[in-house]
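Just below is one structure, and these are the notes that go with it.
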Amino acid sequence: MGDLSSVGFLSIASLAEVAVPHFLTASIFSAQSGQSAIFSKNIKIVVSLCLISGIFSGVRSCCFGIANMILVRRMRETLYSTLIFQDIAFFDAETIGDLTSRLGSDCQQVSRVIGNDFNLIFRNLLQGTGTLIFLFMISWPLALSMLLICAGLAVVMLFYGRFQKMLAKLMQDFTAGANEVSQETLSLIRTVRIYGTEGKEIERYMIWLERLWDLSLRQSVGYGFWSLSYNFFYHITQIVAVLVGGISIICGHMTPEQLTKFVLYAEWLIYSAWWVGDNWSSLMQSMGASEKPHVMLSQGANLHGKPSLEQLLPHGAGVLMGSWRKRQWGEYCPPRGIQMQELVGHIEFVDVSFCYPSRLMVPAVEHVNLSIQPNKILAIVGRSGSGKSTITNLLLGLYEPSNGEILVDGIPLGDLDIRWFRERIGFVGQEPPIFRMDVSSNIRYGCTRETTQEEVERAAEQALAHEFIHSLPNSYSTLVDSALLSGGQKQRIAIARAILRDPTILILDEATSALDAETEHYVKELLLSAGNASMEKKLSLSLLTGCQQYRLQIK
Ligand SMILES: Nc1ncnc2c1ncn2[C@@H]1O[C@H](COP(=O)(O)OP(=O)(O)OP(=O)(O)O)[C@@H](O)[C@H]1O
Ligand SMILES: [Mg+2]
């Protein structure tokens, strides 16, 4: 509806503008011939047309601005939700700098299609057509010659548009490359400082800046060439109009008033053609920039737990259409797969082999057979790189086995509602992530049941985290992130997070590697005793890696 009214305002403003030269010339010539009544009528019409065109242009700009806003928001929302649900293998192949660049500058660039280019192309096409009609009414041979000149300009415009599209795609890729480098360097700034590689990092960034510079140069030269062509065709218009028009006046086929109108309209025509060309090239740039986000949006769902693009765009609406409305979480990710009455926790790996998608030739684990009974603990030991973390990744459903099957209480993992299953797992990894939020929120992270502050603090106490949290400036309300805590503190927060979830299955992947020996011993005892229900928990499985106590040797 909003889009239609914008187009309506645009059409009225354009038609009013097109009629102005006609009445302007008529006013001048009526004044010259002393027809004061006609003169005053014409002046009134000119004033009305200017007012209508001014007001409707303003409303049109506002409407297209709003449409643009909705588009950017919708695109970012859709792209972000698509990214969030991508398979983990996708993130093995893509870099964060590149993805954030797509979300930021690419979406902005694409939104110009509606907010600016589409709007202006339509306006100028409408004005150009109106102008052409006036020209044909004045003199058809002259109008035809103008049309030929515009055709010449259109050919240049097509080539220029293609050139711009190619450059824009490269420009977005290079910008993403520069973002990638800066993002990596800034997030690893401590390492950079320790190794004294600031100069090298600047050089790495400069390579991308050089490439961007080179492209910008080509863009500027291209634009210069486009301006030159426009000027050439513009002056040809004037020369042809005066030459042919002058001869027509001498021969008595045309009046000076008609020629004046014709020159004004001819200028208007070439001006409209120029704008169409300019916006066309800009449209091509936007299309070039949209290629990568478009590919990302159309990536098919292939792992359970990931919604399809139709679910991300409810009611089958296209990315560019429809107005934005806030959606509930369930709309993004409706439940799918089997939800059991109760998860008992019998886990079986049947001849499981797996290669990471980024290294298809090298198996990370081969022919793994495991059977873990409820309320039992399994510890997996093995050399570094032997595949311990890979086994936990497979059990968490982050990747699908290349061969074999994982059964949970006799049901293939792929048939389960993976979100339901993960809600019942407590996981503490080798390098536990800490989000940039307060300590309480970090401990509560991912816990679906309502929890009180007392429960949070009790979990922190059990994970031996309470003492250090208490010494933070704002205790549990202190804002933390990965860089602001020690490795052991991060692990203790992650352990508290796992305890708070009250999981049926606990997976510890070297979860205590950063703790001091005494704390490690205490925490391991605590977590292992949970298997005997001494913490009033009902852990049916603890899968520990790197633990010497209960062994399953791999490789
Ligand atoms: N995302 C990934 N993409 C490609 N290969 C990977 C990926 N993660 C791990 N690998 C490879 O898979 C193999 C098993 O790695 P894994 O992390 O499971 O070992 P690990 O036993 O946990 O080692 P560590 O004791 O050092 O933690 C290694 O050769 C590793 O290089
Ligand atoms: Mg590991």
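Atoms within each ligand, like the ligands themselves, are counted from 1 in listed order. Residues: numbered from 1 along the sequence shown.
- When heavy-atom distances to ligand 1 are checked against a 4.0 Å cut-off, Lys388 comes that close through both its backbone and its side chain.
- The Mg ion (ligand 2) lies under 2.8 Å from an N, O or S atom belonging to Ser389.
- Of all atoms in ligand 1, numbered sequentially from 1 with element shown, those under 4.0 Å from a heavy atom of Asp92 are 1 (N).
- Taking the six-membered ring for Trp and thresholds of 30 and 60 degrees, Tyr223 and Tyr160 have ring planes inclined between 30 and 60 degrees apart.
- For the pair Arg74 and Glu77, the salt-bridge criterion is not met [side-chain N within less than 4.0 Å of a carboxylate O].
- Here Arg102 does not pair with Glu94 in a salt bridge; the nearest charged N to carboxylate O distance is not below 4.0 Å.
- Polar contact check, Gly385 against ligand 1: a nitrogen or oxygen pair lies under 3.5 Å apart.
- Exactly one of Thr451, Ile499, Ile469 qualifies for a side-chain contact (heavy atoms from CB on, under 4.5 Å) with Ile443. That residue is Ile469.
- Contacts between Ser358 and ligand 1, counted as non-hydrogen atom pairs separated by less than 4.0 Å, involve the side chain only.
- Atoms of ligand 1 lying under 4.0 Å from any heavy atom of Ser389, numbered from 1 in the order shown and given with element: 17 (O), 18 (O), 20 (P), 22 (O), 27 (O).
- Here is the list of ligand 1 atoms found below 4.0 Å of a heavy atom in Thr390: 14 (C), 15 (O), 16 (P), 18 (O).
- Surrounding CZ of Arg218 are at most 12 heavy atoms belonging to other residues, nucleotides or ligands under 6.0 Å away.
- Side chain of Glu457 to backbone of Glu454: no donor-acceptor contact under 3.5 angstrom is found.
- Of all atoms in ligand 1, numbered sequentially from 1 with element shown, those under 4.0 Å from a heavy atom of Arg383 are 21 (O).
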